[in-house]
Amino acid sequence: MTWRWEYDPDEDYVGGGSPSAFVAEIEKQADELVRAAAAFYLDGSTYQEVGSKGNVAHVSGGFFLYLIVPRHECLYAHQVTYL
């Protein structure tokens with residue numbers, strides 16, 4: 001399995017109506033967070049501890065809420081706020 005990120009439940013629901021430049025910033029930050037999670041959880045699929053809770057990532061123009069699930073090897077973006 002390879003680490004990835006995705007919108008939960010989907011991109012239109014989470015980021016619908018946000019400017020494309022803002023969405024690009026979110027996706028860039030999500031890529032960085034996934035790289036960090038892959039380095040921290042070397043074998044996420046066998047991870048048995050309690051994972052991190054949700055967190056906030058600030059990007060130019062706003063922020064987004066996300067959750068890292070090590071056993072899924074996935075970062076889920078749940079909410080996008082464009083300011």
Side-chain angles (χ1 to χ4, degrees):
M1 185 176 251
T2 303
W3 276 89
R4 69 192 190 290
W5 71 269
E6 60 187 56
Y7 292 103
D8 183 32
D10 61 47
E11 183 177 0
D12 288 336
Y13 182 84
V14 176
S18 298
S20 59
F22 177 64
V23 172
E25 287 295 317
I26 289 169
E27 294 176 354
K28 180 179 168 186
Q29 182 66 34
D31 287 338
E32 291 296 321
L33 290 167
V34 164
R35 280 192 279 282
F40 187 77
Y41 303 103
L42 294 177
D43 188 6
S45 63
T46 61
Y47 189 74
Q48 296 297 314
E49 304 290 322
V50 174
S52 62
K53 304 273 193 261
N55 210 339
V56 177
H58 297 273
V59 296
S60 180
F63 60 92
F64 67 99
L65 303 177
Y66 67 92
L67 176 66
I68 294 174
V69 180
R71 286 180 296 240
H72 294 179
E73 293 188 350
C74 189
L75 176 146
Y76 297 99
H78 289 288
Q79 180 182 344
V80 168
T81 303
Y82 177 68
L83 302 174

Note to self: The test is side-chain contact (heavy atoms from CB on, under 4.5 Å); show your working for E6 and Y76 and say whether it passes.
What the structure shows: CA-CA 5 Å; E6 60 187 56; Y76 297 99; 3.4 Å; yes
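Here the closest non-hydrogen pair linking A37 and W3 is CB-CZ3, 3.6 Å. Nearest heavy-atom pair across V59 and Q29 is CG1-CB, 3.7 Å.
Contact of the V34 side chain with the Y66 side chain is not registered, since no non-hydrogen atoms from C-beta on lie closer than 4.5 Å. The shortest distance between side-chain heavy atoms of F40 and I68 does not fall below 4.5 Å.
A tilted orientation is assigned to the rings of H58 and F63, their planes being inclined by 30° to 60°.
Annotation: the span from L83 atom CG to F22 atom CZ amounts to 7.0 Å, rounded to 0.5 Å. Taking CG from L67 and CG from L75, the interatomic distance works out to 7.5 Å, rounded to the nearest 0.5 Å. Note that CD of E25 is 11.5 Å distant from OH of Y82, once rounded to the nearest 0.5 Å.
Judged as a side-chain contact (heavy atoms from CB on, under 4.5 Å), and not counting sequence neighbours, the contacts of E27 are W5, Y7, E11, V23.
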